[in-house]
2 protein chains.
Amino acid sequence: MTAPGEAARRKPARRPTIKDIARRAGVSESAVSFALNDRPGVSQDTRARVRRVAEELGWQANSAARALSGERAGAMGLVLARPAQTLGVESFFLQLVSGIQEVLSARKIALLFQVVEDLDTECALYRRWWAERRVDGVLVVDPRTEDPRPELLASLGLPAVVVGGPAIPEPAIPEPAVSAPPDPAAAHPPPLLSTVWADDAKAMARVLDHLHGLGHRRIVHVAGMPGLAHTERRIRSLRTEADLRGLDERHVHSVTTDYSDAEGAEATRRILDAAPPPTAIIYDNDVMAVAGASVAAERGIPVPGALSIVAWDDSALCRVTHPRLTALVRDTPGFGRLAAQELLAVLDGGPLRTVQGELPHLEARESTGARPPR
Amino acid sequence: MTAPGEAARRKPARRPTIKDIARRAGVSESAVSFALNDRPGVSQDTRARVRRVAEELGWQANSAARALSGERAGAMGLVLARPAQTLGVESFFLQLVSGIQEVLSARKIALLFQVVEDLDTECALYRRWWAERRVDGVLVVDPRTEDPRPELLASLGLPAVVVGGPAIPEPAIPEPAVSAPPDPAAAHPPPLLSTVWADDAKAMARVLDHLHGLGHRRIVHVAGMPGLAHTERRIRSLRTEADLRGLDERHVHSVTTDYSDAEGAEATRRILDAAPPPTAIIYDNDVMAVAGASVAAERGIPVPGALSIVAWDDSALCRVTHPRLTALVRDTPGFGRLAAQELLAVLDGGPLRTVQGELPHLEARESTGARPPR
DNA sequence: AGACGGTACTAATGCGTTTTAGTAGGTGTC
DNA sequence: GACACCTACTAAAACGCATTAGTACCGTCT
């Protein structure tokens, strides 16, 4: 017996093709194709025999050949445009991806995942993927308020689903009536792509309910990146909820950051320097929330004694701090599954849709408590 | 003018092929192929003209056709076998992937990234990718001590590089001489795959130098998952380093976990319950280190006053805690680049190699200090 | 002048699959 | 018994590219 490694190196095992199956089953290649793809044109007997032979040979369709013969590439794409150093701690993406794949891999569809530096590179990559016919569709993440991607993808005819969009105002929050709406068509352009999203407005309402119920009246929202659609949605929702409770800009407002721990900490320092400082802070992700909690610890500000903290997005992070952080929990893998299903639906010629993910719920932990007296 | 969305939907823009270029440049398809692939057989003039036309048309080779015509799929694979709920906070993988892609995308090679539940599924996926000819090679992460993957991949003839291996003993640490070595061939099987790895032994030596230099004599290592090669390497290295300093099992030892915050915290509680408790703890990842720091805070144990903490792997996490954690910093994207380069080398028919990544350095922050008196 | 060799190209083939266009044989119809 | 009609299959084409085998032309050598 030879060493398995060497043997393997010498004979790189030819992969079986349809032709091998045909020969072995004593039928034509077309018959094999029909049999394996559940197409009519072969008897039950033949179909079963071909299937058995294919199984024996361990045959799998050559994806390139299948893609070439007019059909699909059997792959979807997901691009994450983030500067390399911003990558990291957030658990959101791996979980989203894992949910997406749960759906795709059941259909034997692969996922091309690519991390790029910026939006331009992302767009260039879509073009390349499209020209190379590498993917059948893409999932667009981090939708922005002025987003070139839907337009681009629609013009390429590359099926896509926006994850986390859209940038249109939520129906639940009627805009205050204005004398002459500037340009309704521009404000509400018809959506170019299907979209799955979470209702940030309702989620924000839940957070405000929680904090307001605890007596908090001075609340600051440390938001994420300015251009992102959900950042803007959350900021707007905060304002709406504050208005409902009669709290003006001086008491309740948002500041934007780049989502990093550094800016989260920096924003927290500035916020706590204000006179009077807020009694509660809402952070747009878990990393910043932890960074903020750390700043409070550094300054000896008791949490939740003097300051309550809420993290938008839960993860192990929120449970390893002391105290553990109250967080908005959402089912991120579920969101990924939803997005993948919607993309498959679009590929199957389904209509453009806007579907809504599960509403996040607030997991109250030790970082939120009653407003401090005085 | 029609709405852009509608127009896009109606006319899904045919993608240019080599035939289009040929027609437009007034040459045959083969000439175009020669010109675009830097093959001899066309004049400089023609080559330039064809290139220009291809550029104008925005032509990109159809990846399926290219793959089918005997060549490569133009894609690599990376499978991450982790239970869904373990996914998350670690920044390691996204950074690794980003480094890998820096190298691959320069060569227009795509990365298929897949998250699966367990090792069996991972192996099945390799088989499928191989049979479908979906990838030209794969990167194997999380190498284990008893790892079926190298054998499988070698037998399939699917080029691969192990990232973070190998499971062979480091040459720097000669094993204590034994009378009859059990089976040297089994202990040191010839490597089946190329490997990139970091010298965990030297890194551990650095950590021990640091802690020992600060006076620590009772040190516990909270390691990761038992079956993983680097876990075993680190455990062995710790023992070696402890022996060198005359510290026996009672003073210096390792415990294993599943890398999660929960087990990191749990292990910390048990460790601190020991009499006498250690004065320093080394955690195998950032998440557990933060969880451990949180347990210390919970118990009112001052860090580093009474307990020093070191995290193996740095990330934003280590900087957002209070105090900030001393960590072993490695250049993870660089490691990814190295792995990708090595994989390309293997594809180009290069020899099986074992290359070593940059040695991590210890970033001393506030979580380590002099051994407490008494 | 004929053989030789090189250059710049074209024609034709193959990759593995799907799909379209046949075709042979049987069954039913009137 | 000629016709249509179905079933179960085969043959052939197509997908877009790389590649191999020509081919036409030109200059050079003997």
Side-chain angles (χ1 to χ4, degrees), chain A residues 12-51 53-54 57-75 108 128-134 136, chain B residues 12-51 53-54 57-75 108 128-134 136:
Chain A
R14 210 175 60 80
R15 280 159 271 207
T17 73
I18 259 189
K19 192 177 286 180
D20 299 320
I21 303 178
R23 191 165 26 228
R24 209 149 139 169
V27 293
S28 71
E29 297 175 39
S30 348
V32 174
S33 180
F34 293 150
L36 295 174
N37 292 311
D38 277 326
R39 290 234 137 55
V42 285
S43 64
Q44 283 308 317
D45 268 16
T46 312
R47 194 182 296 276
R49 186 157 36 93
V50 166
R51 286 239 175 96
V53 173
L57 263 47
W59 177 87
Q60 295 280 114
N62 178 325
S63 56
R66 184 166 273 176
L68 186 55
S69 77
E71 283 317 282
R72 295 173 172 176
K108 298 201 180 182
R128 203 172 84 197
W129 277 351
W130 170 80
E132 293 181 345
R133 285 171 180 71
R134 238 190 225 284
D136 299 318
Chain B
R14 210 176 59 81
R15 279 160 272 209
T17 74
I18 256 188
K19 192 178 285 180
D20 300 318
I21 302 179
R23 191 165 26 230
R24 210 150 137 168
V27 292
S28 71
E29 296 176 40
S30 350
V32 173
S33 180
F34 292 150
L36 295 175
N37 292 310
D38 276 327
R39 290 232 136 55
V42 285
S43 64
Q44 282 309 318
D45 267 16
T46 311
R47 195 181 297 276
R49 186 156 37 95
V50 167
R51 287 239 174 96
V53 173
L57 262 48
W59 177 87
Q60 295 281 115
N62 177 326
S63 56
R66 183 166 274 176
L68 187 56
S69 73
E71 285 317 283
R72 295 173 171 175
K108 298 201 180 180
R128 203 173 85 197
W129 277 353
W130 171 79
E132 293 180 346
R133 285 171 181 72
R134 236 187 226 287
D136 299 317

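Since the structure is predicted, the reported quantities are computational estimates derived from the model, not experimental observations. Note: hydrogens, waters and symmetry copies are ignored here, and every other heavy atom, side chains too, is used. By convention in this document, chain letters (A, B, ...) are assigned in the order of the sequence lines, proteins followed by strands, and residues within each chain are numbered from 1.
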Quick check: does any side chain N or O of B:Arg47 sit under 3.5 Å from a backbone N or O of B:Arg39, one acting as donor and the other as acceptor?
-> yes
Just checking B:Ser33: base, sugar-phosphate only, or nothing, at a heavy-atom cut-off of under 4.0 Å?
-> base
From the options C:dC9, D:dC17, C:dT18, select the nucleotide whose nearest atom is closest to the side chain of B:Val42.
-> C:dC9
Flag side-chain contact, heavy atom, 4.5 Å: A:Val53 against A:Val50 = no
From the candidates C:dC9, D:dA18, C:dG16, the one with an atom nearest any side-chain atom of B:Ser43 is C:dC9
Under 4.0 angstrom, heavy atoms only, what part of the nucleic acid is B:Ser30 near: base, sugar-phosphate, or nothing?
-> base
Looking across every strand, which nucleic acid part, if any, lies under 4.0 Å from B:Leu68 by heavy atom: base, sugar-phosphate, or nothing?
-> base
Would you mind telling me which of C:dG16, D:dC17, C:dT10 lies closest to the side-chain atoms of B:Arg133?
-> C:dG16
Could you check if a side-chain atom of B:Arg15 sits within less than 4.5 angstrom of a side-chain atom of B:Asn62, using non-hydrogen atoms only?
-> no
Euclidean distance, atom CD1 of residue B:Ile21 to atom C1' of D:dA18 [Å, nearest integer] = 14 Å
For atom CG of A:Asn62 and atom P of C:dG14, their distance in whole Å | 17 Å
Just how far, in rounded Å, is P of C:dC9 from CZ of B:Arg47?
-> 10 Å
Which one, D:dT19, C:dG16, C:dC15, comes nearest to the side chain of A:Ala65?
-> C:dG16
hbond_proxy B:Thr46 side chain to C:dA8 base (donor-acceptor, 3.5 Å cutoff) | no
Separation of B:Arg51 CZ from B:Leu36 CG (nearest 0.5 Å) = 7.0 Å
To the nearest angstrom, how far is B:Glu29 atom CD from C:dC15 atom P?
-> 18 Å
Whole-Å distance separating the CZ atom of B:Phe34 from the C1' atom of D:dA21 = 10 Å
Judged by atom type as modelled, is there a donor-acceptor pair below 3.5 Å linking the side chain of B:Arg128 to the main-chain atoms of A:Gln60?
-> no
Taking the side chain as C-beta and beyond, is there a heavy-atom pair between B:Trp59 and B:Ile21 under 4.5 Å?
-> yes
Nearest-neighbour nucleotide for the B:Ser69 side chain, C:dC15, C:dT19, D:dC15 considered = C:dC15
Calculate the interatomic distance between A:Arg66 atom CZ and C:dG16 atom C1'; express it in whole Å.
-> 10 Å
Can you tell me how far P of C:dC15 sits from CD1 of A:Ile18, to the nearest Å?
-> 14 Å
Taking CD from A:Glu132 and C1' from D:dC17, how many angstroms apart are they, rounded to a whole number?
-> 13 Å
Answer yes or no: is there a donor N or O on one side and an acceptor on the other, between the side chain of B:Arg134 and the main chain of B:Ala73, under 3.5 Å?
-> no
Compute the bend angle of the helix from C:dA1-D:dT30 to C:dC30-D:dG1 from the end axes (five pairs per end), rounded to 10°.
-> 70°
